[in-house]
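Input: a single structure, listed below in structure tokens.
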Amino acid sequence: MIKIAVLGYGTVGSGVVEVIEKNRDMVNKKSGEELEIKYILDLREFPGDPYESKIVHDFGRILADDEVRILCETMGGVGAAYDFTRQALAAGKSVCTSNKELVAAHGPELLALAREHCCNYLFEASVGGGIPIIRPLNYSLTAERIEAITGILNGTTNYILSKMEYEGADYDAVLREAQEKGYAERNPEADVEGHDACRKIAILSSLMTGKNVDYRKIYTEGITKVEPLDFAYAKQMGMSIKLLALSKEAGDKTLAMVSPFLIDAGHPLHMVNGVFNAVFVRGNMLGDSMYYGRGAGKLPTASAVVSDVIDCARHIGKVIMCFWDAEEADLLSIDQVERRFFFRVKTEGREKAAELFGRELKEVRLASAPDECGLVTSVMTEADFAERYGKLAGVTAGGRLRIEG
Ligand code: HSE
């Protein structure tokens, strides 16, 4: 029998307990041994909870118990979670986590610690909720050089954008709904400002390059500036607005960024709606493949944590290889990246826009917004666009959006 401890009895932690209990026979069979939850660590009491007797408040008890071989870290954050993970790995106990913040900040160090102590640090649930994406990158696509990863990696923002697009819903009301459904972070700013997606693409980029992609150096823009009228323009152009997290090979550098993008109906990520996430991977031999599923929520995320627990149970005393070195990856500045852009100008700014961007600007008009128009540029660099767009101060009618593809 393998004993387990769950650190943090919140949304994901309680989901882990539920998955292990509900799928007990299947989980045990696939682990090759019976699994038992021995401890649940939380600061709070849970009177009347069926697992009340397993609640402990002292991590030392878990650490000192040699029977405990696997920990599920579902606490979040980089404070106590980091400390407990290091202590557990140093004691030869494997750790399975949903904590993208910690994986993005200390992944290579924790992986090295696990290797040194002949145990494992697994993090399938840290990206894409229930979607298998870490394991495919580590185990399945190993014959590939991954050229690009494009993902919708945050369930909360995709839920908000879809509701705004299809139901004309109010931003604040939809955010509250996402919080109630357990999709949003404790501080939803991490979702809507793109920080959560940034951590996730840092993890995927690191697995793609085998080097450490520092999340603090990834250009990140959230969805807070996207306006209801932007969706009307997008619809008129047969496009959709999605918060994309990208990582692409760019010569000997890597381009990584998070931003809202306009994507057209032919893009594989166009129809990924609601809490669903998808990761579109381009390999140099396989070509394109896509991984799709629920990107947030208690049970999908817990299912991914438990899949790691099963992997750890199958590999007690053995190290599962993961190629993610501490050496820092060289990131390309987004200034040099070329693409098309969409922006809106008031009627009085239309002529100036044509002077700045050239006559080849494509115009989009909405009957509901007679005092302005939308414009699509030809392909140009970010720096070039920013310089010209800056000269339109005072006559723009909203923000600007990047166009992918
Ligand atoms: N807040 C995250 C999201 C949870 O909305 O995707 C899953 O990582």
Side-chain angles (χ1 to χ4, degrees), residues 8 10-16 19 72-78 81 96-105 107 122-135 149-164 169 171-205 207 215 218 220-224 226 241-246 258-260 269 272-280 291-308:
T11 306
V12 181
S14 59
V16 167
V19 171
C72 301
E73 187 272 291
T74 52
M75 301 166 64
V78 287
C96 308
T97 189
S98 56
N99 186 344
K100 53 260 167 162
E101 239 184 304
L102 184 57
V103 178
L122 301 187
F123 44 91
E124 182 61 71
S126 67
V127 180
I131 309 175
I133 182 60
I134 304 296
R135 209 164 277 113
I149 297 178
T150 311
I152 291 178
L153 297 180
N154 182 269
T156 303
T157 46
N158 206 44
Y159 186 78
I160 294 172
L161 292 174
S162 301
K163 288 263 182 178
M164 287 175 83
Y171 177 93
D172 291 321
V174 195
L175 174 58
R176 266 197 307 279
E177 253 182 66
Q179 285 174 296
E180 279 157 24
K181 287 178 188 274
Y183 303 156
E185 297 301 300
R186 225 168 297 165
N187 175 4
E189 202 180 300
D191 295 298
V192 297
E193 295 295 355
H195 306 312
D196 179 77
C198 165
R199 261 60 171 205
K200 292 168 176 169
I201 197 66
I203 295 169
L204 297 184
S205 306
L207 296 177
Y215 71 90
I218 295 179
T220 300
E221 202 177 298
I223 63 163
T224 50
V226 179
I241 302 171
K242 301 288 184 196
L243 183 71
L244 298 185
L246 313 174
V258 175
S259 162
L269 296 173
V272 177
N273 290 315
V275 71
F276 283 84
N277 281 191
V279 191
F280 183 57
Y291 308 83
Y292 171 83
R294 284 183 185 274
K298 175 174 166 168
L299 294 177
T301 311
S303 171
V305 176
V306 177
S307 77
D308 280 347

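Order of appearance sets the numbers: ligands from 1, and atoms from 1 within every ligand. All values below were derived from every heavy atom in this structure, side-chain atoms included, with hydrogens, water molecules and symmetry-related copies excluded.
Only the side chain of Asp191 comes within contact range of ligand 1, with a heavy atom under 4.0 Å; no backbone atom does. Residue-level proximity to ligand 1 for Asp196 is carried by the side chain, the only part with a heavy atom below 4.0 angstrom.
Salt-bridge check for Lys200 with Asp196: passed, with a basic side-chain N closer than 4.0 Å to an acidic carboxylate O.
Counting only heavy atoms of the protein, atom 6 (O) of ligand 1 lies nearest to Gly155 N, 2.7 Å.
When atom types are taken as modelled, the side chain of Ser14 and the backbone of Thr11 share a donor-acceptor pair closer than 3.5 angstrom. Listed for the Lys242 side chain is a donor-acceptor partner under 3.5 Å among the backbone atoms of Val272. Looking only at distances, a side-chain donor or acceptor of Thr220 sits under 3.5 Å from a matching main-chain atom of Ile218.
Ring geometry, Tyr159 versus Tyr183: the interplanar angle exceeds 60°, so the pair is classed perpendicular (tilted spans 30 to 60°).
Ligand 1 has an N or O atom lying under 3.5 Å from an N or O atom of Tyr183, backbone or side chain. Considering backbone and side-chain atoms alike, Ala296 places every N or O at 3.5 Å or more from each N or O of ligand 1.
Distances below 4.0 Å separate heavy atoms of Thr156 from the following atoms of ligand 1: 1 (N), 3 (C), 5 (O).
Heavy atoms of Gly295 come nearer than 4.0 angstrom to ligand 1 in at least one pair.
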